[in-house]
2 protein chains.
Amino acid sequence: MSTSKKLPLNSILQGDCIELMNSLPEKSVDMIFADPPYNMQLSGELRRPDDSHVDAVDDHWDQFESFAVYDAFTEEWLAAAQRVLKDDGTLWVIGSYHNIFRVGAKLQDLGFWILNDVIWRKTNPMPNFRGTRFTNAHETLIWCSKDRNAKGMTFNYDALKVMNDDIQMRSDWLLPICSGGERLKVDGEKAHTTQKPEALLYRILTAATNQGDVVLDPFFGSGTTGAVARKLGRNYIGLEREEKYIKVAKERIRKVQPLSPENLEVTTSKRQEPRVPFGSVVERGLLSAGQVLFDSRKRYRARVRADGSLVASDISGSIHKVGARLQGASSCNGWTFWHFDAEGQSVSIDVLRQQVRAEMN
Amino acid sequence: MSTSKKLPLNSILQGDCIELMNSLPEKSVDMIFADPPYNMQLSGELRRPDDSHVDAVDDHWDQFESFAVYDAFTEEWLAAAQRVLKDDGTLWVIGSYHNIFRVGAKLQDLGFWILNDVIWRKTNPMPNFRGTRFTNAHETLIWCSKDRNAKGMTFNYDALKVMNDDIQMRSDWLLPICSGGERLKVDGEKAHTTQKPEALLYRILTAATNQGDVVLDPFFGSGTTGAVARKLGRNYIGLEREEKYIKVAKERIRKVQPLSPENLEVTTSKRQEPRVPFGSVVERGLLSAGQVLFDSRKRYRARVRADGSLVASDISGSIHKVGARLQGASSCNGWTFWHFDAEGQSVSIDVLRQQVRAEMN
DNA sequence: ACACGTGCTGAATCCGGAA
DNA sequence: ATTCCGGATTCAGCACGTG
């Protein structure tokens, strides 16, 4: 399967994603994250109860003549994706009820093998303003391997478990939508109508790739995949048709500070009986990997890693475990033991736990 | 459209659901809940970490030769369902990633119009024993109308909102799986491998049907739909091939104590209250022509004319139109916008509407 | 500095009956 | 089938301005 073509790592290629994927060497990428057009079929405008206007996704790239046209498009890009994927690679697709059933059926038809469907539950979805439906509060992701018999796909089970309070990570993920400072703007307007939150890609890349892996995003848009890939020490290849999105994405990714390799080490195998409800704080960016924690008397120090584990000299593990080991104690409540520096102030990480709980209600 | 056939209300018909649906009069049922075979493609047996055997769904009725066979089956039962459904009826289907994408695509192809997809999040899902996937912690439901232009579907928005602490019900529902005393047993073994929890049907029937409605379940199984329908004062029709399930279901439903009608009344929408024209308020002398109305902040004024229209400077028209025009809004609820002076107190004219309604019954 | 209120916004298939 | 119009309808998060 070797090929003379070299992969255009950490760059964005402009053009049609199907042609571009077909121009890349086959079996060359470790993971594909795809956020294709949803083919929303909106009719008329929508207003909030306060009579303000809802800025809908009515971009030309989301318009298809019929299901048949959308299906043909879906089949083409999925087939191209299957070709460039390594035999042990995986594909992630995100969508809503408008398109995800069609995408899911088509990828099964092509021989992809579904590993999980994952629900992104939004903490802050747009309500149903007319009171005629349930709040459309989630989107669906499909995670699949190249075919039924594929082996060796990356799944960092233990890292995800640590990120989730030492409980096996479920198929429903609660995360906020992309808003506030994270939302890219150009001249005060949304740079892209459907920018995804970095926390979502953070979890996906942590779960299904390793350092140095190649991640392809055929619908690159504002470049969330690239930004998170760079932060997490993965290589990205972005495909995008529109010049304006490429410009925004390049600028965005340039500003990303990659985490250092030692902070990217995640829990790989059986851990030593830890109790860790700390991963979501890191995932949500309330603390970042590399941050140094210390106890209230500043006798001990430890460093945060990407999966929410701590490292101090030759010890690593959950916030509880490391706290206990350092003190020579049999147990320790890491939440109250560890502190971080916030503008000169020593603040307990328990404050962050409150914050996450508040968000999760 | 009329037919001489009478509906077999509150009974279970034995046989093939497609034939049976086609034998029922068309446009005759208000809602269909369908829990079709998931077509799980299991290979080999599954064991827990303690080496105990997992009792998997390996029933003969869940086996299909290929996606094509499953799709053909899906198309047939969906088409039959579409036929028996009233024009303002809705269909609910539940499935997992094994089948739901195929079902969703097919129902879109048949012209059903998706209203929501709903995620049933399980509080107590079976873990992934191998540590190779995310915990498969949810199932997906699709709620759809008969076609894109369907109108008048039942959705008890206000009732659901009250059920959810006065916050609009979201598309993700957290409910336990069916276990414990609710789980039907025969000779100590599960009576049916995929029995659904009554709480799930309770929410669905409360949301999308009214008392006295006819609910059809083409894959009746152990009869959860029938049990909850009876409890909630809905009529059910169950279709089931297997004698053993019918026996269990009949016995189960017989034991159900229906709730009394007054306990079944749910919060209703303002939309369902009788319309009162503003003119009748004037007609009845609750307000008289010449009276001056104003908004709550007293920024706008208008005068009532004899026919129930308002005048403000050069604008005249209904209470709604004048309110909208004055504010520069696209619409306005005149009933809540306008106030009048009653002995120094500012009173909403909506009070007068209530008065008329009270007099009307 | 901190509390509080106001305003804006987010992948949305978002009304129904009478004329 | 199309138009008109009465009148019902929103949650969480963040930015910003005021006290």
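Within every chain, numbering begins at 1; the chains are lettered A, B, ... in the order of the sequence lines, protein sequences first and strands thereafter. Everything quoted here is computed from the prediction, not taken from an experiment.
- One can place CD1 of Ile177(A) at 13 Å from C1' of dA12(C), the figure rounded to the nearest angstrom.
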Using a cut-off of under 3.5 Å, enumerate the N/O to N/O pairs linking the protein to nucleotides 15-19 of chain C.
| from | atom 1 | to | atom 2 | distance (Å) |
| --- | --- | --- | --- | --- |
| dC15(C) | OP2 | Arg130(A) | NH1 | 2.8 |

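- Rounded to whole Å, atom P of dC14(D) lies 14 Å from atom CD of Gln195(A).
- Rounded to the nearest 0.5 Å, atoms OG1 (Thr209(B)) and CH2 (Trp92(B)) are 10.5 Å apart.
- Annotation: cation-pi pair Arg102(A)/Phe101(B) absent, no NZ/CZ under 6.0 Å from the ring centroid and within 45° of its normal.
- Consecutive Watson-Crick or G-U pairing (both distances under 3.5 Å) extending over three or more pairs maps onto DNA chain D as C:2-10 with D:11-19, C:15-19 with D:2-6.
- Contact check, His320(B) against dG6(D): no side-chain N or O comes under 4.0 Å of OP1 or OP2.
- Computed from coordinates, the Gln272(B) CD to dT9(D) C1' distance equals 15 Å when rounded to whole Å.
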Return the polar atom pairs (N/O with N/O) between nucleotides 1-3 of chain D and the protein under 3.5 Å, or none.
none

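- Between Arg48(A) atom CZ and dC14(C) atom C1' the separation is 13 Å, expressed in whole Å.
- The backbone N or O of Arg183(A) lies less than 3.5 Å from no partner atom in the side chain of Gln195(A), so there is not a single donor-acceptor pair.
- Residues passing the side chain to side chain contact (heavy atoms under 4.5 Å, CB included) test with Asp295(B) are Arg297(B), Arg299(B), Tyr300(B), Phe337(B), sequence neighbours excluded.
- Not a single ring-ring contact (aromatic ring centres under 6.0 Å, His included) links Phe294(B) to another residue, sequence neighbours left out.
- OP1 or OP2 of dA8(D) sits under 4.0 Å from a side-chain N or O of Asn333(B).
- Both His53(A) and Gln41(A) lie near DNA chain C, and the one whose nearest nucleotide falls closer to the 5' end is His53(A).
- The number of heavy-atom neighbours closer than 6.0 Å to NZ of Lys231(A), taken from other residues, nucleotides and ligands shown, is 12 or below.
- Out of dT10(D), dG10(C), dA12(C), the shortest distance to the side chain of Met40(A) is found at dA12(C).
- Here Tyr236(A) and Phe220(A) bring their ring centres to under 6.0 angstrom of each other.
- To the nearest angstrom, P of dG10(C) lies 17 Å from CG of Asn128(A).
- Of the residues near DNA chain D, Phe129(A) and Gly181(A), the one whose nearest nucleotide (by heavy atom distance) lies more toward the 5' end is Phe129(A).
- Between dT10(D), dG6(D), dA12(C), one nucleotide has an atom nearer to the side chain of Pro49(A) than all others, and that is dT10(D).
- Near-neighbour residues of DNA chain D inside residues 291-316 of chain B, defined by a heavy atom below 4.0 Å, are absent.
- Side-chain atoms of Asp59(A) do not come within 3.5 Å of backbone N or O of Asp62(A) as any donor-acceptor pair.
- Below 30°, between 30° and 60°, or above 60°: for Trp143(B) and Phe155(B) the angle between ring planes is between 30° and 60°, a tilted geometry.
- Using a 4.0 Å heavy-atom cutoff across all strands shown, Arg47(A) reaches no nucleic acid atom at all.
- For the P atoms, the distance linking dG6(D) with dC14(C) amounts to 23 Å, nearest Å.
- For the residue pair Asp158(B) / Thr267(B), no side-chain donor-acceptor distance below 3.5 Å is found, with atom types taken as modelled.
- Nucleotide dT9(D) holds its P atom 11 Å from the CG atom of Asp350(B), rounded to whole Å.
- Put simply, the side chain of Asp51(A) never gets that close to the backbone of Arg48(A): no donor and acceptor are under 3.5 Å apart.
- The phosphate of dT10(D) has OP1 or OP2 within less than 4.0 Å of a side-chain N or O from Lys161(B).
- Although no hydrogens or angles enter the test, the distance criterion places a donor-acceptor pair under 3.5 Å between the side chain of Ser171(B) and the main chain of Ala137(A).
- Classified by interplanar angle (parallel below 30°, tilted 30° to 60°, perpendicular above 60°), the ring pair Phe73(A)/Phe64(A) is tilted.
- The distance from atom CD of Glu182(A) to atom C1' of dT9(C) is 15 Å, rounded to the nearest whole Å.
- Taking OG from Ser309(B) and CZ from Arg303(B), the interatomic distance works out to 9.0 Å, rounded to the nearest 0.5 Å.
- When rounded to the nearest whole Å, the span between NZ of Lys321(B) and P of dC4(D) equals 10 Å.
- For Lys190(A) and dG10(C), the shortest distance from a side-chain N or O to OP1 or OP2 is below 4.0 Å.
- For dG7(D), neither phosphate oxygen OP1 nor OP2 lies less than 4.0 angstrom from any side-chain nitrogen or oxygen of Ser331(B).
- Here Trp335(B) lies in heavy-atom contact (under 4.0 Å) with sugar-phosphate atoms only.
- Rounded to the nearest Å, the gap between the C1' atom of dA15(D) and that of dA11(C) is 23 Å.
- Nucleotides dT10(D) and dG7(C) place their C1' atoms 14 Å apart, quoted to the nearest Å.
- Under a cutoff of 6.0 Å and an axis angle of 45°, Arg121(B) and Trp173(B) do not form a cation-pi pair.
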